[in-house]
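See structure below.
Here, residue 1 is the first one in the sequence, and each next residue gets the next number.
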Amino acid sequence: MSHLFYLSTAARPVLDRAEGIYMWDRDGRRFIDGSSGAMVSNIGHSNPAVLAAMRAQMDKSTFGYRLHFETEPGERLAAKVAALSPAGLEKVFFVSGGSEAVESAVKLARQWAVVTGQAQRWKVISRFPSYHGSTLGALSLTGYDPLTDPFLPMMVQMPKIPAPRAYLDGLDMEDPATGAHYAAMLEAQILAEGPGSVLAFIQEPVGGASTGALVPPAGYMQAIRTICDRYGVLLIHDEVMSGGGRVGTFLGGDLWGIIPDIVAISKGFGAGYVPLGAMVARGDIVEAVQAAGGFVHGHTYAGNPLACAAGLAVLEEIGRNDLMGNAARVGAVLKSRLKNLMQRYGFIGDVRGEGMLLAFELVADRGTMTPLPPAMKAFDTLVELAYAEGLIVYSRRTRGGYAGDHVLVCPPMITTEAQVDEIMDKLIRALDQFASAHAGALA
């Protein structure tokens, strides 16, 4: 009997080792990590340069509390992150994960409002569906009902606007009017809440698990930035999943040249070697808070030297091997191959994403985008079929948590075109089994 308390009840083998995009269990069975874990292992497993950097740091120190010491790995990683980030995003605060990064961003925004005479601003508008973390503060921003419903009495639920899911609404993704349509919902919500009460708007530039690699329509990102500026609302980008190079640029917002006020990054930022995340913020925001007495927030392991040494080595590997370029190039091949599946399977209603952050959605009818019956649990079933074929993919419910199905295919940024062939062969076998088992319910 295992004494570990697992999230899932699905039986899983014991992991023995991992290298590159592959993982082996104790029986020697090989799996392709087609989702990079939970979109974490950006540079693959057991990278020698990262492991060497971690060993070297272990010989020096594995912990130095941030109130007692500065550390060389922390300073170097912060400088590297600032250099990779858009102009003005120059202050870095390290954390251990995505939920901590999001909470840090929201708390910095709030403290900035207080010290600049805007204490009436406290509401953070987010989108539905969305996922911003599992702590109560981050859950208050999250729009995913199965995760939030049990805890509603324990938190202040923040206002939501619809995510820009043009494909579900039958709107043209390439028409700037579509982007304006969804962005106008933010302005309407700000006005409904009272502009003076709205602190920030948080969004994922490229969607994560809750929306399945959702890409915004033309003009949306620019319009959102303009609206936030108009009402003095801070723009926070949750780049926990899209940041770190996975979409072909260091941050997802870079795809549109949009500079937010605060960014949260994690997951692929540490690439699975250590728990690591960061908040990156405008210098003037941080300086205002520091001048008023400092940031009233922190975590014990913030800026851990071992974690920072690993994170720095990850970023150096990405740069040395042009892994962002590879994510863009090979990701385009993978996306094209996924789109081709629509000709073979009528129940694939949409394929979307950027770089190595990709997903496809399962539907009962492509014309109406009617979801499959929830009781079918298609998102779970397909993951299990793929797992049996030796391919690990990731899935969630598309439409807020209780309906809809999408599958994320997000292999490490080191993936080659030959490995895309391997992924697709296994995925097609799983899809064929799924189609055969549910022939009566599928298009």
Side-chain angles (χ1 to χ4, degrees), residues 102 123-132 141-145 157-195 198-242 247 251-264 349-354 357-361 363 368-371 396-401 403-404 406:
V102 168
K123 298 175 184 175
V124 180
I125 299 174
S126 57
R127 306 192 306 199
F128 187 91
S130 64
Y131 179 71
H132 295 292
L141 310 171
T142 290
Y144 201 79
D145 292 339
Q157 187 78 324
M158 292 294 180
K160 307 288 188 296
I161 63 170
R165 296 180 294 173
Y167 73 97
L168 285 184
D169 296 332
L171 300 176
D172 183 0
M173 278 278 297
E174 306 304 321
D175 186 350
T178 301
H181 165 73
Y182 289 105
M185 297 177 183
L186 173 61
E187 184 164 31
Q189 191 68 47
I190 291 171
L191 293 172
E193 298 294 333
V198 179
L199 172 64
F201 173 63
I202 187 168
Q203 65 175 355
E204 293 176 291
V206 180
S210 64
T211 55
L214 182 70
V215 177
Y220 178 83
M221 297 290 284
Q222 295 85 350
I224 289 293
R225 177 72 269 185
T226 298
I227 291 166
C228 287
D229 289 341
R230 182 179 301 148
Y231 295 100
V233 171
L234 295 179
L235 176 58
I236 301 173
H237 278 182
D238 180 345
E239 299 262 14
V240 168
M241 197 169 289
S242 55
V247 299
L251 298 175
D254 297 343
L255 293 169
W256 296 273
I258 298 301
I259 304 177
D261 303 298
I262 307 174
V263 173
D350 190 56
V351 174
R352 52 187 178 266
E354 293 285 349
L357 182 52
L358 303 170
F360 60 90
E361 185 157 344
V363 296
T368 63
M369 296 301 288
T370 302
R396 279 291 183 270
R397 280 269 157 87
T398 300
R399 312 193 188 200
H406 63 252

Going by heavy atoms in the side chains, are H132 and I202 under 4.5 Å from each other?
yes
Can you name the nearest heavy-atom pair linking P205 to E239, along with the distance?
CG-OE2, 3.3 Å
Indicate the atoms forming the closest heavy-atom contact of M158 with K160, along with that distance.
O-NZ, 2.8 Å
Would you sort out whether F201 and I227 count as a side chain to side chain contact (heavy atoms under 4.5 Å, CB included), showing the intermediate values?
CA-CA 10 Å; F201 173 63; I227 291 166; over 6 Å; no
Mind listing the closest non-hydrogen atom pair of E193 and P159 along with its distance?
OE2-CB, 3.4 Å
Atom pair OG1/CZ of T211 and R352 - distance to nearest 0.5 Å:
7.0 Å
From Q189 atom CD to S126 atom OG, the distance as rounded to the nearest 0.5 Å
9.5 Å
Is there a side-chain contact between R165 and P129, using heavy atoms and a 4.5 Å cut-off?
yes
Inter-residue atom distance H406.NE2 - R399.CZ, 0.5 Å rounding:
11.0 Å
Heavy-atom nearest pair, P260 first then L235, reads CB-O, 3.4 Å
For residues L191 and Y231, determine if any side-chain heavy atom of one lies less than 4.5 Å from a side-chain heavy atom of the other.
yes
Side-chain contact, heavy-atom cut-off 4.5 Å: P216 with W256?
yes
Mind checking whether S210 and R396 have side chains closer than 4.5 Å, heavy atoms only?
no
Rounded distance (nearest 0.5 Å) linking atom OG1 of T398 with atom OH of Y144
7.5 Å
Nearest 0.5 angstrom please: L141 CG to I125 CD1, how far?
11.5 Å
Any non-hydrogen side-chain atom of Y220 less than 4.5 Å from a side-chain atom of T178?
no
Heavy-atom side-chain contact between P164 and L214 under 4.5 Å:
yes
Per side chain to side chain contact (heavy atoms under 4.5 Å, CB included), C228 is matched among V198, L234, V233 by V233
If you look at every heavy atom in L171 and H181, which pair is closest and at what distance?
CD1-CD2, 3.7 Å
The complete set of salt bridge (charged side-chain N to carboxylate O under 4.0 Å, His left out) pairs with one or both residues in residues 209-226, sequence neighbours excluded, reads R225-D229, R225-D261
Closest heavy-atom contact between A213 and L357?
CB-O, 3.4 Å
If you round to the nearest 0.5 Å, how far is CZ of R230 from CD of E187?
4.5 Å
Hey, does H237 have a side-chain heavy atom less than 4.5 Å from the side chain of M221?
yes
Residue pair Y167, V215: steps toward the side chain to side chain contact (heavy atoms under 4.5 Å, CB included) verdict
CA-CA 10 Å; Y167 73 97; V215 177; over 6 Å; no
Under the salt bridge (charged side-chain N to carboxylate O under 4.0 Å, His left out) rule, what do E204 and R127 come out as? Steps first, then yes or no, please.
CA-CA 9 Å; E204 293 176 291; R127 306 192 306 199; 5.6 Å; no
